Amino acid sequence: MTAKITWDSSFETGISEVDAQHLRLVEIINSLVDAIGHADKNTLKGIVEQLKEYAQYHFRTEEEIMEESNYAGLAEHRDEHAMFVDQILLFDLDVILASEGLAWDMLHFLRGWLTNHILVVDKRFSVQLQA
């Protein structure tokens with residue numbers, strides 16, 4: 001079973017800076033896939049922390065682009081970003097990472113959220129921006 005995200009052209013928004021950052025987020029999540037069951041808890045915590053920090057950086061970038069383009073859906077998009085960050089902050093990493101099963105559950109959430117966000121929410125924005 002592979003839990004890795006396979007990057008392909010379906011993830012591309014046509015906004016090069018956003019696409020590059022999405023690819024980096026995918027790489028971080030894929031590094032978590034590689035680490036679960038193999039790395040120690042501190043390494044896993046470091047990867048999740050890296051994901052949280054990079055996601056916040058990426059969200060600021062997206063939101064600035066949306067502001068500059070007067071995107072009507074900015075408030076909703078910002079709420080999506082905030083919910084993701086809030087969820088990561090709610091994770092009790094000491095508990096989750098002590099159990100391989102819970103670590104995979106967390107990964108499943110992260111993977112699902114990111115792919116849905118890019119393929120649905122970000123695509124909606126990119127289509128309007130390029131119209």
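All values derive from a computational prediction rather than experimental measurement. For the single chain, residues carry numbers from 1 onward in sequence order.
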Close side-chain approach of W113 to Q87, heavy-atom, < 4.5 Å: no
Shared hydrophobic cluster for F109 and M83 (ILVMFWY, side-chain gaps under 4.5 Å): no
4.5 Å side-chain heavy-atom contact, L97 and M106: yes
Closest approach of D34 to K4 (non-hydrogen atoms, all atoms of both residues): OD1-CE, 2.8 Å
Minimal non-hydrogen separation, I15 against S126, with atom names: CD1-CB, 4.0 Å
D40 side chain to T43 side chain, donor-acceptor N/O pair below 3.5 angstrom: yes
Shared hydrophobic cluster, L114 / W104 (ILVMFWY, side-chain heavy atoms < 4.5 Å): yes
E27 atom CD: more than 12 heavy-atom contacts under 6.0 Å: yes
Sequence-distant partners of V85, side chain to side chain contact (heavy atoms under 4.5 Å, CB included), two or more places apart: Q56, F59, L89
N-O pairing of E49 and K52 below 4.0 Å: yes
Qualifying residues under side chain to side chain contact (heavy atoms under 4.5 Å, CB included), relative to D86, sequence neighbours excluded: none
hydrophobic_cluster_shared for L32 and I88, side chain cutoff 4.5 Å: yes
Close side-chain approach of H22 and E62, heavy atoms under 4.5 Å: yes
Salt bridge R78-E67, side-chain N to carboxylate O under 4.0 Å: yes
Donor-acceptor contact present, side-chain K41 to main-chain L93, <3.5 Å: no
Backbone N/O of A3 and side chain of R111: donor-acceptor pair under 3.5 Å: yes
Flag side-chain contact, heavy atom, 4.5 Å: Q50 against R24: yes
L129 and M66, any side-chain heavy atoms less than 4.5 Å apart: no
Minimal non-hydrogen separation, A39 against L44, with atom names: O-CD1, 4.1 Å
Pairwise salt bridge (Lys or Arg N to Asp or Glu O under 4.0 Å) hits with a residue in residues 6-19, at least two apart: none
Contact check, side chains of F11 and I5, non-hydrogen atoms, under 4.5 Å: yes
I96 backbone acceptor or donor facing S99 side chain under 3.5 Å: no
H77 ring center near H117 ring center (under 6.0 Å): yes
Minimum side-chain heavy-atom gap F84-L110 below 4.5 Å: yes
Contact check, side chains of I65 and F125, non-hydrogen atoms, under 4.5 Å: yes
